[in-house]
Amino acid sequence: MHPLEIKLQSLLAEGKSPHVDDLGGVEAIVRAAPLLAISPLAGEILSAVLRDVGNVAVKDARPWKELIGILVHGAASDVVLIEMVDALDACMQLPDAIASDAFTAFLEKASNSSGELTGYARAVALEGAFRLAASNRRMQFRLLDALLGVEVSDEPHFLRYAAKIMGVAHSHWRETELVAALQALTECDEAAYEACFELGMASLASALDEPHREAANSFFRDSLQWFRRAESMREATPEATLYGECLMLLTDFEAHTTKPELRQRSAVIQKSAFELLAWHVDASSPAWLGARHVQAACWNDLAGTLASLADSLQEISWWEPRVVIERQVLAAYSAGRAILKRGHDGYLETLIRPRIEASIAQREGQAYLLKCWLQQNRNHELVGEADAILSGIDRLMSAGAEVPRNPTEAAAIWAPVAAILSQARCSEETKRRIGELVANAFAFSLENLSGAEIDIFDHCRSSVENHPDHRNNARGAKLFDAVLLWTVRFLKNRLEMTKKDDPSVTYLFETADGSLVPESALQDDYFRWLCTQSASGEMEPTNLGGGRADVALKNTGERIVIEVKRELQDASFDALAKDYAGQTTDYQNVSIRLGFLLVLDLTGAKTEGTPHIRSLIQCRSIQRVGESEPRYVVIVKVPGRRCVPSAISKSAKPSAATGKPKRK
């Protein structure tokens with residue numbers, strides 16, 4: 001051993017923290033630096049140098065800078081590199097020039113795929129570069145260039161850590177190119193779990209930051225898919241399980257899922273959080289990774305809060321109102337800021353707040369306690385959230401929403417059914433039976449909704465829900481939502497129905513002589529469908545907008561019009577909006593400015609098959625000159641001139657002239 005190493009070892013054995021003077025001064029260390037750089041004690045030597053570097057005058061800093069550069073460049077052992085990374089990261093007065101040299105050295109080591117360093121040593125060096133770049137934008141650009149240059153063919157152990165650092169870097173800097181790099185790493189089996197998990201975190205961050213609900217929903221679904229994919233790759237995945245279950249719990253809470261289901265998900269989340277913090281956290285974990293675990297703990301807290309709140313919202317009143325209001329209601333209402341420690345509201349609140357407002361609006365006791373709390377706590381930091389909840393309740397009430405005041409039967413049957421039956425003059429037992437009958441019938445009808453239908457509902461509903469004729473008009477909103485539901489179900493039914501099962505849909509199929517059916521065929525079929533759903537449909541009523549509409553539905557003073565057309569030339573949404581949106585919106589002059597355009601697509605025989613339902617519906621905003629608010633039209637294309645599946649198969653087979661054999 002070098003005499004300086006012997007001296008250092010002796011000081012460490014005595015429990016001391018060596019300084020430069022204890023080792024003979026900076027000149028002595030500089031002379032021995034080439035040998036010390038490859039020593040197992042190089043990390044301790046660097047720590048000793050960094051303890052005194054803050055006291056060095058600028059004019060005397062050159063030898064210190066060269067010394068630190070030699071030590072960092074010479075390190076090759078992963079253990080030594082870990083010690084150096086921690087020492088440099090902990091140094092509070094690290095000069096910029098020294099930090100830049102160390103960063104360059106770490107980046108060179110991380111990019112060195114020649115085999116001189118182990119994959120783990122390179123991963124440690126990459127982490128060192130990341131830590132030094134955390135607060136230096138210039139270094140961040142250089143680090144991003146290195147991360148984006150990582151090849152899938154690189155050493156697997158290095159790729160695992162590279163994927164983790166890419167994900168954390170994206171959470172800090174939101175560089176979208178890192179997402180593409182992570183997607184490439186999913187092709188490497190050894191790094192696929194880390195890449196999938198970090199892609200889930202990136203999509204979740206995008207969802208929470210996205211101001212538009214439709215786009216946020218897409219990011220939200222992508223995030224859940226990446227977490228579920230990560231779960232499938234390992235036996236124990238507490239981190240991916242925690243976030244995946246949290247996202248499902250949010251969806252369940254928004255959908256008014258029952259208490260037991262929320263409690264069950266909350267228990268899984270708590271178990272995953274315990275496993276993560278108890279078994280997957282090292283005391284020496286870097287600060288940037290520790291922040292991830294704090295974030296996971298916050299999501300665990302959110303899950304527990306929502307599960308407890310779901311219980312409280314079902315109660316007629318609260319035994320300890322202050323606790324429920326402050327720790328559950330207001331905390332959940334401002335979950336992004338109060339629980340997840342985000343700087344602003346976002347998509348998360350749009351999932352949670354509607355249920356809170358609607359549930360409290362259904363129970364006068366809860367609303368009264370919230371008002372009392374507000375009067376007594378005007379200086380509380382969450383007063384604004386309490387005011388917002390009460391304002392939301394007032395909007396529901398003033399809009400005439402059918403909110404039962406104290407429906408004792410609402411816990412057992414659907415709340416709107418309970419509210420309507422409360423006005424009927426019949427026995428409580430009769431109300432119970434009828435309520436259960438209607439609720440079961442609706443549940444049976446809708447429980448098999450496909451994901452495609454749900455996406456269509458979400459697209460159209462999110463497009464119009466902020467329009468005043470939907471947001472501030474409960475009857476108009478009910479009318480639009482009902483027609484949207486019935487129309488989408490009509491389209492789904494007609495896409496699945498065959499001529500053999502129902503001869504009335506023959507008009508949707510190609511005829512032997514190529515003749516084209518009139519639009520009245522669709523009009524009559526659609527009207528018959530509506531008549532099975534509602535008794536308020538009217539066929540071709542006159543004097544609507546000075547003309548004639550095809551189908552109209554009325555509900556307590558409000559009216560919605562469904563214009564029916566057939567198209568022979570161009571059935572693209574742009575062409576349909578251009579040709580027919582003006583006529584459709586002209587029926588919106590005296591009622592809600594929301595309507596439907598139903599088009600029978602006869603532009604050509606569907607020899608390649610029927611289009612998917614997702615591609616057949618769009619909600620379009622139509623802005624008229626001189627009007628401040630747009631009008632909305634949901635355009636629904638019903639494919640005509642369809643071919644039976646066997647005919648599609650025949651048309652797809654190659655002819656004998658091609659010389660290719662036909663499948664038997």
Side-chain angles (χ1 to χ4, degrees), residues 452 456 459-460 463 483-484 487-488 490-499 504-530 539-540 544-552 560-588 593-625 630-645 647-648 650-652:
I456 292 170
H459 159 67
C460 296
S463 298
V483 175
L484 175 62
T487 304
V488 174
F490 168 79
L491 179 60
K492 177 186 178 183
N493 179 272
R494 292 309 183 253
L495 290 176
E496 294 182 329
M497 197 62 65
T498 65
K499 293 188 288 184
S504 68
V505 301
T506 301
Y507 75 96
L508 295 176
F509 291 83
E510 181 77 337
T511 60
D513 59 1
S515 60
L516 303 180
V517 298
E519 68 186 40
S520 60
L522 173 60
Q523 178 184 1
D524 295 341
D525 186 26
Y526 180 69
F527 184 72
R528 285 193 299 270
W529 174 272
L530 286 186
M539 183 100 75
E540 293 194 352
L544 296 184
R548 186 198 69 180
D550 289 311
V551 180
I560 197 165
V561 171
I562 303 95
E563 176 69 11
V564 181
K565 294 290 184 183
R566 73 168 184 170
E567 179 57 37
L568 308 178
Q569 302 298 327
D570 184 354
S572 65
F573 284 110
D574 289 338
L576 295 177
K578 179 182 178 182
D579 293 340
Y580 304 120
Q583 179 181 350
T584 304
T585 56
D586 215 44
Y587 297 127
Q588 302 172 4
R593 289 160 288 183
L594 312 171
F596 288 77
L597 172 62
L598 197 64
V599 180
L600 180 60
D601 178 8
L602 300 177
T603 54
K606 309 301 184 288
T607 56
E608 297 182 358
T610 306
H612 191 272
I613 190 172
R614 293 178 191 266
S615 66
L616 297 175
I617 300 180
Q618 272 194 14
C619 186
R620 288 290 184 106
S621 171
I622 308 298
Q623 185 67 56
R624 287 196 165 195
V625 178
R631 304 187 183 197
Y632 280 90
V633 176
V634 178
I635 304 175
V636 181
K637 294 192 286 188
V638 181
R641 302 186 66 185
R642 291 164 50 190
C643 299
V644 296
I648 296 172
K650 290 177 181 177
S651 67

Yes or no on salt bridge (charged side-chain N to carboxylate O under 4.0 Å, His left out) for D579 and K565, after CA distance, side-chain angles and deciding distance? CA-CA 10 Å; D579 293 340; K565 294 290 184 183; over 6 Å; no

Side chain to side chain, D586 and R624, heavy atoms closer than 4.5 Å: yes

Less than 4.5 Å apart, any side-chain heavy atom of W529 and any of N493? yes

With the threshold set at 4.0 Å, does a side-chain nitrogen-carboxylate oxygen contact exist between R642 and D601? no

Using atom types as modelled and distance alone, determine if a side-chain donor or acceptor of E567 lies under 3.5 Å from a backbone N or O of Q569. yes

Do you know which of L602, V517, L598 makes side chain to side chain contact (heavy atoms under 4.5 Å, CB included) with L522? L598

About how many Å separate OG1 of T585 and CD of E563, when rounded to the nearest 0.5 Å? 10.5 Å

dist D525:CG -> F490:CZ (nearest 0.5 Å) comes out at 4.0 Å

Looking at A452 and H612, what are the two nearest heavy atoms and their distance? CB-CE1, 3.8 Å

What I'd like to find out is whether the side chain of R528 reaches to under 4.5 Å of the side chain of S504, using heavy atoms alone. yes

Note, T603 side chain near P639 side chain (heavy atom, < 4.5 Å): no

Measuring only between side-chain heavy atoms, which start at C-beta, is V488 closer than 4.5 Å to I617? yes

Would you mind reporting whether L600 and Q523 have side-chain heavy atoms less than 4.5 Å apart? no

Separation between CG (L508) and OG1 (T498), nearest 0.5 Å, reads 11.5 Å

Taking every heavy atom of R620 against every heavy atom of A577, the minimum-distance pair comes out as NH1-CB, 3.9 Å

Out of curiosity, T584 OG1 to L597 CG, how far, rounded to the nearest 0.5 Å? 4.5 Å

Can you tell me how far CD1 of I560 sits from CD of Q588, rounded to the nearest 0.5 angstrom? 8.0 Å

Can you see which heavy atom on C619 is nearest to which on Y632, and at what distance? SG-CD2, 3.9 Å

Side chains of S572 and D574, donor plus acceptor under 3.5 Å: no

Report the residue from I635, L495, V638 that forms a side chain to side chain contact (heavy atoms under 4.5 Å, CB included) with L616. L495

Quick check for you: to the nearest 0.5 Å, what is the distance between F596 atom CZ and C460 atom SG? 7.0 Å

Which atom names give the shortest non-hydrogen contact between R566 and Y580, and what distance separates them? O-OH, 3.7 Å

H459 side chain to Q618 main-chain N or O, any donor-acceptor pair under 3.5 Å? no

